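Just so you know, these numbers use all the heavy atoms, side chains as well, and skip hydrogens, waters and symmetry mates. Since the model is a prediction, treat every value here as computed from it, not as a measurement.
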Amino acid sequence: KMNDIGLLGFENETSYALLRSVILSGVSITYHLINAFYEMKKEGLTFCNYVQSLVEMGAGIPLRALHNNEKFENDTFKLSFPLLDLQVKSLVKAFEVNTSVNKLDLRNTSITDRGGVYIGEILKKNSKLTILHLKNNNIGDEGCKSIFEGLRINRTLTRLKLRKNNIGDDGGKSIGEALKVNPTLAELNLQENNFSDDMKSHLQWVQKCKQEGSNGYSQVTGMRIRTS
């Protein structure tokens with residue numbers, strides 16, 4: 001409860017948000033664990049410190065299974081709770097080594113621009129993913145730029161869904177530049193973002209160039225970019 005914040009040692013609403021994320025991740029917070037937090041405070045540590053450490057370790061995320069290349073249903077790794085940036089960061093090292101997952105589904109997980117930077121790192125380092133779902137998040141221009149910087153290097157992703165984010169024209173420019181050199185992406189959903197009509201027209205021109213392999217663009221004959 002919000003009115004219990006002081007009792008549990010929360011310093012501010014950021015601390016509360018950290019705990020909320022961990023609980024939504026499926027981590028049990030028991031009476032005995034809370035007692036342990038009080039003992040930690042005696043040593044100069046705070047509840048927030050402890051929760052922060054859980055988040056940094058990817059609380060609620062089966063990282064060991066990813067590192068061990070365990071089999072996931074339909075070769076799909078899906079998370080369905082709000083993610084903090086540090087939790088997204090915890091996925092980077094896991095996907096550096098994972099070769100069993102080809103579909104990453106992070107739709108509706110509240111990923112921010114900073115999280116988008118970490119997604120870009122995954123795309124640079126993973127050589128197995130073919131489908132990436134990022135629909136209905138909070139990714140803006142900076143996160144978009146990092147994702148498509150990753151796609152300059154990535155050679156396996158064929159479908160990317162970024163519908164219903166906060167990407168504007170600056171992000172749109174980076175998309176066009178990255179697609180010039182990326183030879184594999186064939187389906188890109190950018191609906192319900194913040195593009196101007198001019199940018200939407202530009203991205204449709206990029207689609208045409210990709211299909212034809214013209215104007216210096218690498219050819220993907222079935223390329224489809226959806227902006228509206």
Trainee: If only atom types and distance count, is the side chain of Asp141 paired as donor or acceptor with the main-chain N or O of Gly168 below 3.5 Å?
Mentor: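 Indeed, once roles are kept as given, a pair shorter than 3.5 Å links the two residues.
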Trainee: Nearest heavy-atom pair of Gly115 and Val88: which atoms, and what distance?
Mentor: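 Reported closest heavy-atom pair: O-CG1, 3.6 Å.
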Trainee: Report the distance from atom CD of Glu121 to atom CD1 of Ile153, rounding to the nearest 0.5 Å.
Mentor: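 Between Glu121 CD and Ile153 CD1, I get 8.5 Å after rounding to 0.5 Å.
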Trainee: List the atom of Ser228, the atom of Lys200, and the distance in Å for their closest heavy-atom pair.
Mentor: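 Taking every non-hydrogen atom into account, CB-NZ, 4.3 Å.
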Trainee: Can Ile61 and Gln87 be said to form a side chain to side chain contact (heavy atoms under 4.5 Å, CB included), step by step?
Mentor: CA-CA 8 Å; Ile61 301 173; Gln87 288 175 298; 4.1 Å; yes
Trainee: Look up atom CG in Asp85 and atom CZ in Arg114, then write down how far apart they are to the nearest 0.5 Å.
Mentor: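 Answer rounded to 0.5 Å: 7.0 Å.
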Trainee: Look at Glu149 together with Lys145 and state whether they make a salt bridge at an N to O cut-off of under 4.0 Å.
Mentor: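 Salt bridge between Glu149 and Lys145, a charged N being under 4.0 Å from a carboxylate O: no.
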Trainee: Is the shortest heavy-atom distance from the side chain of Phe77 to the side chain of Pro62 under 4.5 Å?
Mentor: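 Phe77 reaches Pro62 side chain to side chain.
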Trainee: Which atom names give the shortest non-hydrogen contact between Leu188 and Met223, and what distance separates them?
Mentor: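 Result for this residue pair: CB-CE, 4.3 Å.
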Trainee: Side-chain contact, heavy-atom cut-off 4.5 Å: Ser100 with Asp75?
Mentor: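 No - every pair of side-chain heavy atoms lies 4.5 Å or more apart.
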Trainee: Can you confirm whether Thr158 sits close enough to Leu185 that some side-chain heavy atom of one is under 4.5 Å from a side-chain heavy atom of the other?
Mentor: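 SC-SC contact between Thr158 and Leu185 ruled out.
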Trainee: Out of curiosity, Gln191 CD to Thr227 OG1, how far, rounded to the nearest 0.5 Å?
Mentor: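 Going from the CD atom of Gln191 to the OG1 atom of Thr227 covers 7.5 Å.
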Trainee: State the CD1-CD distance between Ile147 and Glu142, to the nearest 0.5 angstrom.
Mentor: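 Interatomic distance, Ile147 CD1 to Glu142 CD, rounded to 0.5 Å: 11.5 Å.
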Trainee: Return the minimal non-hydrogen interatomic distance between Leu91 and Leu106, and the atom names on each side.
Mentor: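 In terms of heavy atoms, the two residues are closest at CD1-CD1, 4.3 Å.
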Trainee: Identify every side-chain donor-acceptor pair in residues 171-179 under 3.5 Å, counting partners at least two apart or on other chains, and give the distances.
Mentor:
from   : atom 1 : to     : atom 2 : distance (Å)
Ser174 : OG     : Gly171 : O      : 2.6

Trainee: Looking at every heavy atom in both Asp169 and Ser196, which two are closest together, and how far apart are they?
Mentor: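 Asp169 and Ser196 have their closest heavy atoms at OD2-OG, 2.7 Å.
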Trainee: Is there a side-chain contact between Asn182 and Phe148 in this structure, where contact means two heavy atoms from C-beta onward sitting under 4.5 Å apart?
Mentor: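 When only atoms from C-beta onward are counted, Phe148 and Asn182 do not touch, as no gap falls below 4.5 Å.
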Trainee: Between Asn98 (side chain) and Val101 (backbone), is there a donor-acceptor pair under 3.5 Å?
Mentor: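 Side chain of Asn98 to backbone of Val101, a donor-acceptor pair under 3.5 Å: yes, one is there.
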Trainee: Does the side chain of Lys128 pick up a donor-acceptor pair with the side chain of Thr156 at under 3.5 Å?
Mentor: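 No - no donor-acceptor pair under 3.5 Å links their side chains.
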Trainee: Using a 4.5 Å cut-off on heavy atoms from C-beta on, say whether the side chain of Asn137 contacts that of Thr109.
Mentor: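 Counting from C-beta outward, Thr109 and Asn137 do come under 4.5 Å.
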Trainee: Between Ile167 and Asn194, is any pair of side-chain heavy atoms under 4.5 Å apart?
Mentor: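 No, their side chains stay 4.5 Å or more apart.
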Trainee: Heavy atoms, side chains only, cut-off 4.5 Å: are Leu162 and Asn189 in contact?
Mentor: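 Leu162 does not reach Asn189 side chain to side chain.
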Trainee: Between Arg107 and Asp105 (salt bridge meaning N to carboxylate O under 4.0 Å), is one present in this structure?
Mentor: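 A salt bridge links Arg107 with Asp105.
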Trainee: Do Asn166 and Asn193 touch side chain to side chain, with heavy atoms closer than 4.5 Å?
Mentor: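 With C-beta onward as the side chain, the pair stays apart.
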Trainee: Looking at Gly140, is its backbone amide N or carbonyl O close enough to the side chain of Asp113 to form a donor-acceptor pair, meaning the two atoms are under 3.5 Å apart?
Mentor: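 At least one qualifying donor-acceptor pair exists.
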Trainee: Do Thr76 side-chain atoms and Asn74 backbone N/O form a donor-acceptor pair below 3.5 Å?
Mentor: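 Yes, the answer is positive, given that a donor and an acceptor are paired below the 3.5 Å cut-off.
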Trainee: Scan residues 208-228 for pairs that pass ring pair (Phe, Tyr, Trp, His ring centres under 6.0 Å), counting only residues two or more places apart or in two chains.
Mentor: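 Residue pairs passing ring pair (Phe, Tyr, Trp, His ring centres under 6.0 Å), neighbours aside: Trp205-Tyr217.
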Trainee: Looking at CG of Leu66 and CG of Leu104, how far apart are the two atoms once the value is rounded to the nearest 0.5 Å?
Mentor: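 CG of Leu104 is found 9.0 Å from CG of Leu66.
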Trainee: Would Phe95 and Leu123 count as a side chain to side chain contact (heavy atoms under 4.5 Å, CB included) if you check the C-alpha gap in whole Å, the side-chain angles of each, and the deciding distance to 0.1 Å?
Mentor: CA-CA 9 Å; Phe95 276 97; Leu123 292 173; over 6 Å; no
Trainee: Checking the side chain of Glu96 only, and the main-chain atoms of Lys125 only, is there a donor and an acceptor separated by less than 3.5 Å?
Mentor: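 Side chain of Glu96 to backbone of Lys125: no pair is present.
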Trainee: Should Arg224 and Glu187 count as an ion pair when the cut-off is N to O under 4.0 Å?
Mentor: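 So Arg224 does not pair with Glu187 through a salt bridge.
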Trainee: How long is the gap from CZ on Arg226 to CD on Gln207, to the nearest 0.5 Å?
Mentor: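 Reported to 0.5 Å precision, the distance equals 10.5 Å.
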Trainee: Mind listing the closest non-hydrogen atom pair of Ile119 and Leu132 along with its distance?
Mentor: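 Closest approach of Ile119 to Leu132, heavy atoms only: CG2-CD2, 3.8 Å.
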Trainee: Given side chain to side chain donor-acceptor pair (under 3.5 Å), test Asn138 with Ser110 step by step and report yes or no.
Mentor: CA-CA 6 Å; Asn138 300 314; Ser110 304; 4.7 Å; no
